[in-house]
Protein chains: 2
Amino acid sequence: MPRGNGFGPPWWHGRFRGCGYRVTVPRQAILDVLSRTSKHLSAEDVYITVHKIYPNVGLTTVYRTLELLVEMGLVFRFDFGDNRARYELAMGPKGIMHHHHLVCTNCGRVVDYTDFIDEEKELLSRTEEGLAKKYHFTISNHLIQFYGLCDKCEGKK
Amino acid sequence: MPRGNGFGPPWWHGRFRGCGYRVTVPRQAILDVLSRTSKHLSAEDVYITVHKIYPNVGLTTVYRTLELLVEMGLVFRFDFGDNRARYELAMGPKGIMHHHHLVCTNCGRVVDYTDFIDEEKELLSRTEEGLAKKYHFTISNHLIQFYGLCDKCEGKK
DNA sequence: CCTCTTATTGAAAACGATTTCCACTATCAA
DNA sequence: TTGATAGTGGAAATCGTTTTCAATAAGAGG
């Protein structure tokens, strides 16, 4: 089982134990898969990848673990309109760059972008504060996505 | 069949005919239902409402019609995390106020907000332009949602 | 290192929203 | 009015996800 950078157990061990969750082989394997890709994996994608190394890890466990990780805030779940949830690690030890998505409504291609994030962040935090006060919400997260046609699909439609 | 304000056929007749689509009873009924509510209806919600007046309109047709309307840009499809698509009229004759959503991750309550929309619009159009140029996308739409706990759910978690 | 509690697991079955199939119907251009 | 065909409805199929339940293994305590 991969052990991160080799300096002690992976950083998320504490997060698990602190919540009373056990650190298991499937959980480590799934987190490992997510941490080694920048793609937007579906549950099945994760299952297939994990399955290559640990053939006895079941799809059910993948679903359960992903749900757990989302609930813990370690993973984000996205919907790109293709009727299957996509998962992405929220942050690693060094933190993954905050980004949003640009989705082609024709072919489903998804582009991560980090442009304008700083300006967005400023406006979003201001909006968040205003909304929280007005609607009495404790806001913990936000989602921004742009939709359109990518260059390859532009002409075809 | 409702005829809008009584001054000629509903404004969307032209949109249909212009695309070579026929104006049918189910389509009119579904658009009518969507235009009379500000709620976020699921396909089944629409079906139930339409069914009361036109019992012979089937669920299949509701799904097909909603898909068509989304493709035509008359309706928006949203995902609030409860595993069922939600639909909302994009705009009526007088135009529905542009808004975004605030979603409670515990009870699923959805609040529409129109605050900060002007500031958002400015940043978004700038972002849109930049992204379009950099990634060669023809952007047609965007999605912004905030997630958190509503006041009723705040204490319970 | 062993033992016990119970969180976690895997396989199969269930679930539920959405889609497909296909024969029948209704729109609307001619 | 009529004909070509887009549109329809009901049943069955699809498929991502969840539930069930007996078996397994993490890790606290001895």
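In what follows, every chain begins at residue 1, and chains take the letters A, B, ... in the order their sequences are listed. Please read these numbers as outputs of a predicted model, since none were measured by experiment.
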Output one letter per nucleotide in nucleotides 22-30 of chain C: B when a protein non-hydrogen atom lies under 4.0 Å from the base, S when only the sugar-phosphate is that close, - when neither is. ----BBSS-

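Summarising the geometry, the separation between CZ on A:R86 and C1' on D:dT17 is reported as 15 Å, rounded to the nearest angstrom. Taking atom CD of residue A:E44 and atom C1' of nucleotide D:dC15, one finds them 10 Å apart after rounding to whole Å. In this entry the distance linking CD of A:Q28 with P of C:dA7 reads 19 Å, nearest Å. Atom pair A:L68:CG and C:dA7:P shows a separation of 13 Å (rounding to whole Å applied). If you measure from atom CD of A:E67 to atom P of C:dT8, you get 13 Å, rounded to the nearest angstrom. Rounded to whole Å, atom P of C:dA11 lies 8 Å from atom CG of A:N56. When rounded to the nearest whole Å, the span between OH of A:Y47 and C1' of D:dG16 equals 14 Å. Between the OH atom of B:Y54 and the C1' atom of D:dG9 there is a distance of 17 Å, rounded to whole Å.
Close to D:dC15, at under 4.0 Å from its OP1 or OP2, lies no side-chain N or O of A:R84. Contact between the side-chain N/O atoms of A:Y63 and the OP1/OP2 oxygens of D:dT17 is found at a separation under 4.0 Å.
Closest approach to the B:T60 side chain among C:dT18, C:dT9, C:dT19 is made by C:dT19 (side chain taken as heavy atoms from C-beta onward). Of all nucleotides listed (C:dT19, D:dT8, C:dT9), D:dT8 comes nearest to the side chain of B:T65.
Residues passing the ring pair (Phe, Tyr, Trp, His ring centres under 6.0 Å) test with B:F16 are B:W12, sequence neighbours excluded. With sequence neighbours excluded, no residue satisfies salt bridge (charged side-chain N to carboxylate O under 4.0 Å, His left out) with B:E67.
Considering A:D45, A:T49, A:V46 in turn, A:V46 is the only one that fulfils the side chain to side chain contact (heavy atoms under 4.5 Å, CB included) rule with A:V62.
Where B:G20 and B:L59 meet DNA chain D, the nucleotide closest to each residue was compared, and B:G20 sits on the side nearer the 5' end.
A distance of 12.5 Å separates NZ in B:K39 from CG in B:D112, rounded to the nearest 0.5 Å.
Overall bending of the helix from C:dC1-D:dG30 to C:dA30-D:dT1, expressed as the angle between end axes built from five pairs apiece, is 40° (10° steps).
Listed by first and then second residue, the salt bridge (charged side-chain N to carboxylate O under 4.0 Å, His left out) pairs involving residues 13-24 of chain B amount to none (not counting sequence neighbours).
Within a 6.0 Å sphere centred on CD of B:E119, heavy atoms belonging to other residues, nucleotides or ligands number more than 12.
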Listing, residues 72-82 of chain B side-chain donor-acceptor contacts under 3.5 Å, not counting sequence neighbours, or none:
{"from": "B:R77", "atom 1": "NH1", "to": "B:Y87", "atom 2": "OH", "distance (Å)": "3.2"}
{"from": "B:D79", "atom 1": "OD1", "to": "B:G81", "atom 2": "N", "distance (Å)": "3.1"}
{"from": "B:D82", "atom 1": "OD2", "to": "B:R86", "atom 2": "NH2", "distance (Å)": "2.7"}

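For an aromatic pair to be called close, the ring centres must be under 6.0 Å apart, and A:H142 with A:H98 satisfies this.
Residues B:E128 and B:K133 fail the side-chain proximity criterion, which asks for heavy atoms closer than 4.5 Å.
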